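Here is the structure we will look at, set down as C-alpha cells.
As the structure lists them, so they are numbered: ligands from 1, and atoms in each ligand from 1. Because the structure is predicted, anything quoted here is derived from the model rather than measured.
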Amino acid sequence: MKVINNIKELRKCLARYRKEGLTVGLVPTMGALHEGHASLVRRSVEENDVTVVSIFLNPTQFNDPKDLERYPRTLEADCRLLEACKADIAFAPTVKEIYPEPDTRQFSYPPTDSVMEGAMRPGHFNGVCQIVSKLFMYVEPDRAYFGEKDYQQIAVIRRMVEDLGFKLEIVPCPVVRQSDGLALSSRNSLLSAEERVIAANIYRVMKESCSLGLSVQQTHDYVVEEINKIDGLEVQYFSIVDGDSLADVSSWDDAPSIVGCITVFCGTKPIRLIDHIRYK
Ligand code: PAF
C-alpha cells in the first residue's frame with residue numbers, strides 16, 4: 001500500500017491507473033479506523049481495481065473545538081488495518097495541503113442538511129461537503145463508499161453530487177454493530193467499559209420499538225422515555241423521518257421508507273453517540 005501525503009502525487013499516481021483503464025473506489029475517513037471502516041474498504045476492494053482511503057481529520061466539519069481536540073488519532077494502526085484490507089493507497093494529507101487558504105464555499109441542501117445534526121451542529125454539513133467535494137475532485141472515483149451509520153450525511157452528499165454533477169456512484173454500506181447492538185464508531189473508544197455497556201441500550205430500545213404496533217408519535221415518545229430512564233444516557237433528539245428527504249413524518253403511510261435517527265449523550269464527559277433504525 002502506498003501512503004501519499006500530497007495532492008499532486010496522488011493525482012499522478014491515479015492518472016497512471018486510469019491510463020490502464022482501471023476503476024477507482026474511494027473510502028473517505030477521518031482515521032481512528034475500526035471494523036466498520038474495514039467493511040467499507042473490503043467492499044471497495046471487491047468492486048474496484050484500485051481503492052483509495054483518505055485519512056483526514058477535517059477541521060471544518062467540527063463546530064466544537066473540544067470535540068476536534070479529543071477525536072482519536074491513530075495513523076499507524078490505521079495504516080496497518082488498511083494494509084490488511086488490501087487498500088492500494090492511503091491518502092493522509094496535512095490540513096495545510098487541503099486548505100492552503102480558508103475554504104469559503106457554502107453548501108446548502110435543505111432539509112437534508114438543516115434538520116437533526118444540521119440543526120444541532122451548525123456548519124457541520126457545510127464542512128463535510130467542503131472536504132468530500134475536494135476529495136471527489138482529487139480522486140475522481142467511480143464509486144465512493146459511506147457508512148449508513150451517518151445516515152443523514154449520505155442524504156446530504158447525494159444532494160451535493162446531484163448539484164455539482166459529479167459522475168460517480170455513492171455506495172451506502174450497512175452499520176456494523178458489536179454483538180450487543182452498539183453501532184461501531186470511532187467515538188466509542190472515548191467511552192469507559194461501563195459506558196459502552198450502557199450505550200448498547202440505544203439500539204436495543206429502538207429495535208424494541210419496531211414491534212410494538214405504536215403510532216409514529218407514540219414510537220417517538222417510547223424511545224425517548226425508555227432511553228432517558230437509563231442512568232448515563234440522555235437523548236438529544238430522536239426524529240422519525242422520510243428515509244430519502246429526511247422530512248418529518250406523522251404517519252407510517254407518509255413515505256415509502258421511514259427511519260428513526262437518534263443522538264444520545266452518554267456518560268459524564270459526555271460522549272455524543274448517533275445511530276438510526278429503519279422502520280420501513
Ligand atoms: O464520515 C466521516 O468520517 C466524515 O464525515 C467524512 C465523510 C470522512 C468527511 O470528513
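In terms of protein heavy-atom proximity, atom 5 (O) of ligand 1 is closest to Gln153 OE1, 2.7 Å.
Under a 4.0 Å criterion applied to the non-hydrogen atoms of Asp150, ligand 1 contributes the atoms 1 (O). Counting the atoms of ligand 1 from 1 in the order shown, those under 4.0 Å from a heavy atom of Pro28 are 8 (C). Ligand-side atoms of ligand 1 in range of Thr29: 8 (C), range being under 4.0 angstrom from any heavy atom. For ligand 1 and Ile131, the ligand atoms under 4.0 Å from any heavy atom of the residue are 9 (C), 10 (O).
Minimum interatomic distance between Gln152 and Leu246 (heavy atoms only, all atoms of both residues): CG-CD1, 3.5 Å. Annotation for Val50 and Leu22: closest pair CG2-CD1, 4.1 Å, computed over non-hydrogen atoms.
Side chain to side chain, Asn48 and Arg143 meet the donor-acceptor criterion of an N or O pair below 3.5 Å.
Note that Arg187 lies outside the cation-pi zone of Tyr71, set by a 6.0 Å cut-off to the ring centre and a 45° limit from the axis.
One option in Gln61, Gln130, Met30 has a heavy atom closer to atom 9 (C) of ligand 1 than any other, and that option is Gln61.
By the 4.0 Å N-to-carboxylate-O rule, Asp142 lies close enough to Arg18 to be salt-bridged with it.
The hydrophobic clustering, which links ILVMFWY residues whose side-chain heavy atoms are closer than 4.5 Å, places Ile202 and Leu214 together.
Looking at Asn58 next to ligand 1, no N or O pair under 3.5 Å apart turns up.
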